[in-house]
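Throughout, a chain's letter reflects where its sequence line sits, starting with A, and its residues are numbered from 1.
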2 protein chains.
Amino acid sequence: MGTVATGTRERLLSAARDLIEEGGYGAASVLAIAERAGVAAGTLYRHFASKEELFVEVFRSVCEREESAMRAAAAALPESATAQQRLQAVLGTFARRALRNPRLAWALIAEPVDPRVDAERIAYRARYAELIAAGLAAGIAAGELPEQNVDLTAAALVGGCGEALVGPLSPLAADGPDADEIVAALRTFVGRAVGAP
Amino acid sequence: MGTVATGTRERLLSAARDLIEEGGYGAASVLAIAERAGVAAGTLYRHFASKEELFVEVFRSVCEREESAMRAAAAALPESATAQQRLQAVLGTFARRALRNPRLAWALIAEPVDPRVDAERIAYRARYAELIAAGLAAGIAAGELPEQNVDLTAAALVGGCGEALVGPLSPLAADGPDADEIVAALRTFVGRAVGAP
DNA sequence: GTAAGCTGTGAATCCCGATTCATGCCCAGC
DNA sequence: GCTGGGCATGAATCGGGATTCACAGCTTAC
């Protein structure tokens with residue numbers, strides 16, 4: 001039956017996702033993926049043209065999940081919410097999710113990858129920055145936030161939150177998991193950086 | 001004479017540095033480095049235990065140059081300068097240098113590298129973040145800046161400036177080289193982010 | 001002048017994971 | 001029950017760059 005083939009394909013995808021979450025891209029060799037999926041190495045090539053293509057598919061689906069989580073966080077706010085509240089909701093969601101699954105966050109944000117996967121990452125970060133830039137523009141239009149180069153602010157916020165949360169400079173890398181404290185400090189940083197009152 | 005050997009060693013270092021500045025680490029294969037230095041591939045191993053070791057040395061010397069440039073920028077200010085002015089001087093210097101040599105900045109900040117070189121990079125970024133954190137702490141002590149988690153703010157600033165200047169989200173990646181405008185916008189961002197009045 | 005010890009050479013070798021492919025297995029259709 | 005086609009196998013192959021090493025040339029010491 002075709003369902004068997006579909007099952008294999010999906011087992012391969014989820015094996016790859018699991019391995020990446022656990023040990024990064026390095027841990028996800030063709031052999032390891034196949035083994036965890038319970039098939040032979042060659043079988044992977046019955047379902048994907050290359051390892052890279054499989055990775056692209058995994059990466060894309062994980063990014064979509066993350067992106068909808070952030071959009072949902074913004075959408076869940078009442079109509080009357082300020083632009084600043086929306087930004088805080090988006091960045092706070094990002095932060096909480098990243099802290100809950102640091103290995104995955106590192107893989108999505110910073111870990112070295114093949115060029116085609118990297119292209120997906122850039123697209124993801126760009127959509128994320130756009131989301132923020134749009135929020136900033138709305139806040140400026142509403143008179144809540146001061147005039148500024150929204151693209152640069154958005155890029156700096158994406159980079160800054162990424163570094164603070166998953167980079168080697170992250171305070172988390174040093175001491176314990178005061179996750180809530182980190183999120184709070186990051187909110188303060190973001191609020192000030194965008195010029196909120 | 002020993003001087004010949006020294007000459008070769010330094011030619012190898014500078015060949016590697018040039019290649020990295022021009023085309024990133026990928027362009028700096030052992031063969032390419034040796035060729036540009038005017039020697040055979042095997043010769044590299046008369047002077048360095050491995051390619052990685054050579055890279056570490058190149059990376060370290062470039063980082064030292066960058067770091068002293070930033071320290072010098074801070075030190076050049078009069079005694080009476082505010083903490084905020086010092087921070088602006090450091091980050092402005094970083095920004096100007098990165099914009100002047102984007103390929104090198106990318107190699108120093110974001111390009112994937114071997115683990116031992118990456119360790120150097122992390123150490124460099126950590127020193128840089130410390131420089132900023134110290135400035136923040138001084139500003140807080142002097143009552144100029146509000147209380148905050150200085151390590152997190154410093155990490156976010158390093159990451160944010162890096163992304164805004166050399167990352168794929170950088171406004172520079174999209175349009176022309178309004179370098180001065182970018183630096184100005186970044187200064188605004190930094191000033192607000194640290195909570196300057 | 002010659003031996004000892006450098007430095008330089010570059011083709012051969014190693015390494016290691018992705019990718020291929022000849023072969024075997026299973027099941028549907030007849 | 002036989003057969004055709006698709007899926008699975010996994011050992012063999014490939015690829016590409018780092019690394020080695022047997023050999024050669026030059027310099028210095030005595």
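A salt bridge links A:Arg36 with A:Glu22; the closest basic N to acidic carboxylate O contact falls under 4.0 Å. Ion pairing between A:Glu10 and A:Arg17 fails under the 4.0 Å rule for side-chain N and carboxylate O. A salt bridge does not link B:Arg103 to B:Glu21: none of the charged nitrogens lies less than 4.0 Å from a carboxylate oxygen.
Across the protein-nucleic acid pair, B:Leu12 atom CG and C:dG8 atom P stand 8 Å apart, rounded to whole Å. Across the protein-nucleic acid pair, A:Leu44 atom CG and D:dT9 atom P stand 11 Å apart, rounded to whole Å.
For the pair B:Glu57 (side chain) and B:Leu54 (backbone), a donor-acceptor distance under 3.5 Å is absent.
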Polar-atom pairs under 3.5 Å, protein N or O versus N or O of nucleotides 22-25 of chain D: list them with distances, or write none.
none

Atom pairs, protein N/O to nucleotides 10-14 of chain D N/O, distance under 3.5 Å:
{"residue": "D:dG10", "atom": "N7", "partner": "A:Gly42", "partner atom": "N", "Å": "3.3"}

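More than 12 heavy-atom neighbours from other residues, nucleotides or ligands sit within 6.0 angstrom of CD on A:Glu53.
Interface residues of residues 13-38 of chain B facing DNA chain C, ordered by number: none; criterion, heavy-atom separation under 4.0 Å.
Remark: B:Arg71 pairs with B:Glu67 by the salt bridge (Lys or Arg N to Asp or Glu O under 4.0 Å) rule, at least two apart or across chains.
Applying the 4.0 Å criterion to OP1 and OP2 of D:dA8, one finds that A:Thr8 has a side-chain N or O inside that range. Contact check, B:Tyr45 against D:dT19: a side-chain N or O comes under 4.0 Å of OP1 or OP2. Here A:His47 does not reach the OP1 or OP2 of D:dC7: none of its side-chain N or O atoms lies under 4.0 Å away.
The minimum heavy-atom distance between A:Leu108 and A:Glu66, with the atom names listed, is CD1-CG, 3.9 Å.
Between B:Pro102 and B:Val166, every side-chain heavy-atom pair lies at or beyond the 4.5 Å cut-off. Here the side chains of A:Cys63 and A:Arg121 are not in contact, with every heavy-atom distance at 4.5 Å or above. A 4.5 Å side-chain heavy-atom check between A:Phe94 and A:Ile132 finds every atom pair outside the cut-off. Taking 4.5 Å as the limit, some side-chain heavy atom of B:Phe59 sits within range of a side-chain heavy atom of B:Tyr25.
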Got a list of side-chain donor-acceptor pairs under 3.5 Å for residues 146-156 of chain B, not counting sequence neighbours?
{"residue": "B:Gln148", "atom": "OE1", "partner": "A:Arg192", "partner atom": "NH2", "Å": "3.3"}
{"residue": "B:Gln148", "atom": "OE1", "partner": "B:Thr153", "partner atom": "OG1", "Å": "2.9"}
{"residue": "B:Gln148", "atom": "NE2", "partner": "B:Pro146", "partner atom": "O", "Å": "3.1"}
{"residue": "B:Gln148", "atom": "NE2", "partner": "B:Val194", "partner atom": "O", "Å": "3.1"}
{"residue": "B:Asn149", "atom": "OD1", "partner": "B:Asp151", "partner atom": "N", "Å": "3.2"}
{"residue": "B:Asn149", "atom": "OD1", "partner": "B:Leu152", "partner atom": "N", "Å": "3.0"}
{"residue": "B:Thr153", "atom": "OG1", "partner": "B:Asn149", "partner atom": "O", "Å": "3.2"}

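End-to-end axis angle for the helix from C:dG1-D:dC30 to C:dC30-D:dG1, using five pairs per end and rounding to 10°, comes out at 10°.
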